[in-house]
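For reference, the structure is listed below as C-alpha cells.
Convention: sequence-line order gives letters A, B, ...; per-chain numbering from 1.
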There are 2 protein chains.
Amino acid sequence: MHSERVASRSAEPRDPRDSREPRNGSPQPDAVSLAIIEQLQEDGRRPYAAIGKAVGLSEAAVRQRVQKLLDQGVMQIVAVTDPLTVGFRRQAMVGINADGDLEPVADALTAMPEVEYVVMTAGSFDILAEIVCEDDDHLLDVINKRIRVLPGVRSTESFVYLKLKKQTYMWGTR
Amino acid sequence: MHSERVASRSAEPRDPRDSREPRNGSPQPDAVSLAIIEQLQEDGRRPYAAIGKAVGLSEAAVRQRVQKLLDQGVMQIVAVTDPLTVGFRRQAMVGINADGDLEPVADALTAMPEVEYVVMTAGSFDILAEIVCEDDDHLLDVINKRIRVLPGVRSTESFVYLKLKKQTYMWGTR
DNA sequence: TCCCAGTCTGCGGATTTCGCAGTTATGGGA
DNA sequence: TCCCATAACTGCGAAATCCGCAGACTGGGA
C-alpha cells in the first residue's frame, strides 16, 4: 500500500512565489503539514494516529511535524472563547493613525496585556488593535491613557463590540 | 474516538437572553471553569490530570467540565495560525455600514467561508468582518461581488493586512 | 425529611503519547 | 557519479493519558 506515497518534501513544487518569506525563518509548511493543521483546526485534541490516518503518515511522523510547527511558532493549539461570554464586558477594535515608522507603535501595543490582536494595515488606518477589557473604565483607560499618548500616535477611532457573530479558525476546510 | 463536536458553534445559535439554565450552563462559567480555560489557553493539549492539579480537581472532573464547555460552545480547542504564513496571501478587515436591521447582513457574512470573524459594533462602522483570501482577485471578488451587493449594505471600507503583529488567546492570564 | 439532579472521586481497561533505534530519502560536495 | 551528512519516516515497547462507569456527596425543592 505504499504505491501512493504523498510527496512529502521538496519533490513537490511548494509554490513558485514563496521566494520571499525570509522574515522570521519560518518556512512555508508543505501540503502535508497544511493538512495536519487543518485536522487540528477542526479539533485541537485529535489524536496523532487519527491525523496520521487522514493525511497518510505514521503516528510518530505526525507527532514530529506537529512539534516542529509548534516550536517554529507556525501554529498554536489553544482554547478560544468569546470574551463577552466569560466575564469581559467591554471589547473594542481601535483604528490608529500614526506618524513615521509604525513599528514602535505596534510594538508598544503588542506589549499591552489588554491588547489581543495587532495588525498593520493599508487604508485609512495604519494599525488595527483589538482590546479586551473588564468594563468601560478599563477600556477608557487603555485607549485614552495608554494608546493615545504613545509617541507618534496621531489619532484613534474606536469600535465597541456589541455582539460577536462569528469566530472561526477553519479557513483551511472548505 | 474524540469529540468531533466543537465545530458547529460559528453562528452562535444560543440566544444570550435564554431563560432556563440550571446552574453551570449559564453564560458565566464559575471560577474553576475559568481556571480550566486559562490552562487550556496556555496549552490546548495539556493533560486533564495536570489541569486538575492546577485547579484542584480530579482528572475525571476536569474532563467532564471541559466536555461540557465544549458542548455548550463556551470554548473551542483549535489550532490557530497566521494565515499569511500558511499560504493565504491576502487578508483584510472590512468595515460595513448598512440600513435597517443589521442581523440579516451579519448572518449573510457569517455564512461566507472566507469570512473568519464578524462583529457588530458601535461607532462609524456597523459591522466589522475579517476576510481571508488566497489572492487579490479572490479578495476583490468577495468584497465587490458578494458583500457590497448584500441587501441593505450602504458602504464598505477595506483595510488590507500588511503584517500581523500579535495574536493572543491568553487574556485570562495576567 | 425524602428525592432528584448535578457534580465529584476512584478505578480498571482501552487508547494515546513518548522516546528511541533503525531505515529511507534528499541535497550537496568532492 | 559516488559518498556523506542531514532530515524525515517507521515500528515498537513502556509510560502516561483518556475514557466510561459506578458510587458518594451536595444543595435545593416538594
message: Rounded to whole Å, how long is the line connecting atom CZ of A:Arg63 with atom C1' of D:dA8?
response: 13 Å
- request: Describe, in one word, how the ring planes of B:Tyr161 and A:Tyr117 are oriented to each other, choosing from parallel (under 30°), tilted (30 to 60°) and perpendicular (over 60°).
  value: tilted
statement: In short, A:Arg89 meets A:Glu134 closest at the heavy-atom pair CB-O, 3.2 Å
- prompt: How long is the gap from CD1 on B:Ile147 to OG1 on B:Thr156, to the nearest 0.5 Å?
  reply: 7.0 Å
query: Within this structure, what is the CG-to-C1' distance between B:Asp71 and C:dT7, rounded to whole angstrom?
result: 16 Å
query: Between atom CG in A:Leu70 and atom P in C:dT17, what is the gap in whole Å?
result: 13 Å
task: State whether B:Lys68 places a side-chain N or O below 4.0 Å from either non-bridging phosphate oxygen (OP1 or OP2) of C:dT7.
output: yes
- request: Return the value, rounded to whole Å, for the distance between atom CD of B:Glu59 and atom P of C:dT7.
  value: 17 Å
- request: May I ask you to test the A:Met93-B:Thr121 pair for a side-chain heavy-atom distance under 4.5 Å?
  value: no
- prompt: Any sub-3.5 Å donor-acceptor pair from B:Arg45's side-chain atoms to A:Gly44's backbone N or O?
  reply: yes
message: I'd like to check B:Gln41 versus A:Thr81 (side-chain heavy atoms, cut-off strictly below 4.5 Å). Are they in contact?
response: yes
query: B:Arg65 side chain N/O closer than 4.0 Å to the phosphate oxygens (OP1, OP2) of C:dC8?
result: yes
statement: note: A:Tyr48, atom OH; D:dC9, atom C1'; distance rounded to Å ~ 16 Å
task: Please report, rounded to the nearest Å, how far the C1' atom of D:dC19 is from the CD1 atom of B:Ile51.
output: 15 Å
message: So, does B:Arg45 get its side chain near the phosphate of C:dT17, meaning an N or O under 4.0 Å from OP1 or OP2?
response: yes
query: Any side-chain heavy-atom pair from A:Leu102 and B:Lys165 closer than 4.5 angstrom?
result: no
message: Only Watson-Crick and G-U wobble pairs, only distances under 3.5 Å, only runs of 3 or more: what stems does that leave for DNA chain D?
response: C:1-30 with D:1-30
- prompt: In whole angstrom, what separates B:Leu57's CG from C:dT7's P?
  reply: 12 Å
- line: B:Ile36 atom CD1 is separated from C:dT7 atom C1', nearest whole Å, by 12 Å
- line: Assign each of A:Ala49 and A:Gln64 the nucleotide of DNA chain C bearing its closest heavy atom; nearer the 5' end lies the nucleotide of A:Ala49
